[in-house]
Amino acid sequence: MNLLSPRRRVVTASILCLALAGFAGAQEPPPPTEPPAAPMLTADQLDNLVAPIALYPDPLLGQILAASTYPLEIVEAQQWLEQHKNLSG
């Protein structure tokens, strides 16, 4: 005796497959692994790395570091300045 129509069987099978897929996807992720430790810099290496930056004034460094996070906007600003050379101030 067939209690379900073919359409209901397809719908029931689809729901069952989705439910099982959701259950399988809800498993615990593997535990995170520790990244390899980076080698520590010596005092001389650290000085060589940051010494050139220390030559610039702090306000200028602040502007440069902020601008480095928005490179596209810097290019667009330069293009705008070139298009509007007649403006001053």
Side-chain angles (χ1 to χ4, degrees):
M1 177 190 257
N2 191 358
L3 298 175
L4 297 176
S5 68
R7 183 177 177 164
R8 285 190 179 177
R9 275 190 239 151
V10 170
V11 170
T12 304
S14 299
I15 292 172
L16 182 60
C17 288
L18 290 174
L20 291 175
F23 179 74
Q27 295 176 355
E28 292 287 325
T33 58
E34 293 292 325
M40 298 293 287
L41 296 175
T42 65
D44 289 336
Q45 289 174 325
L46 191 58
D47 284 343
N48 288 337
L49 183 65
V50 298
I53 297 171
L55 298 175
Y56 295 98
D58 289 342
L60 178 62
L61 282 178
Q63 290 178 350
I64 291 171
L65 292 175
S68 69
T69 60
Y70 301 101
L72 179 60
E73 284 78 3
I74 300 301
V75 171
E76 290 173 345
Q78 180 63 36
Q79 291 171 350
W80 187 89
L81 286 173
E82 290 174 0
Q83 293 170 358
H84 299 91
K85 290 182 181 183
N86 58 340
L87 299 177
S88 64

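Hydrogens, waters and symmetry mates play no part in the numbers below; they use all other heavy atoms, side chains included. For reference, positions follow the sequence shown, starting with 1. These numbers were taken from a predicted model, which means no experiment stands behind them.
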Peer 1: Can I get a per-line list of side-chain donor-acceptor pairs under 3.5 Å for residues 76-83, giving both atom names and the distance, sequence neighbours left out?
Peer 2:
| from | atom 1 | to | atom 2 | distance (Å) |
| --- | --- | --- | --- | --- |
| Q78 | NE2 | E82 | OE2 | 3.2 |
| W80 | NE1 | H84 | ND1 | 3.3 |

Peer 1: Are P57 and L60 side-chain neighbours, meaning at least one heavy-atom pair lies under 4.5 Å?
Peer 2: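 When only atoms from C-beta onward are counted, L60 and P57 do touch, with a gap below 4.5 Å.
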Peer 1: Is there a path of hydrophobic side-chain contacts, each under 4.5 Å between heavy atoms, that joins I53 and I64?
Peer 2: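 Yes: a chain of side-chain contacts under 4.5 Å links I53 to I64.
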Peer 1: So which heavy atom on P71 is nearest to which on T69, and how close?
Peer 2: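 Looking at all heavy atoms of both residues, the closest pair is CD-C, 3.5 Å.
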Peer 1: Extract all donor-acceptor atom pairs below 3.5 Å that involve side chains of residues 32-42 and protein atoms in other chains or at least two apart in sequence.
Peer 2:
| from | atom 1 | to | atom 2 | distance (Å) |
| --- | --- | --- | --- | --- |
| T42 | OG1 | Q45 | N | 3.2 |
| T42 | OG1 | Q45 | OE1 | 3.4 |

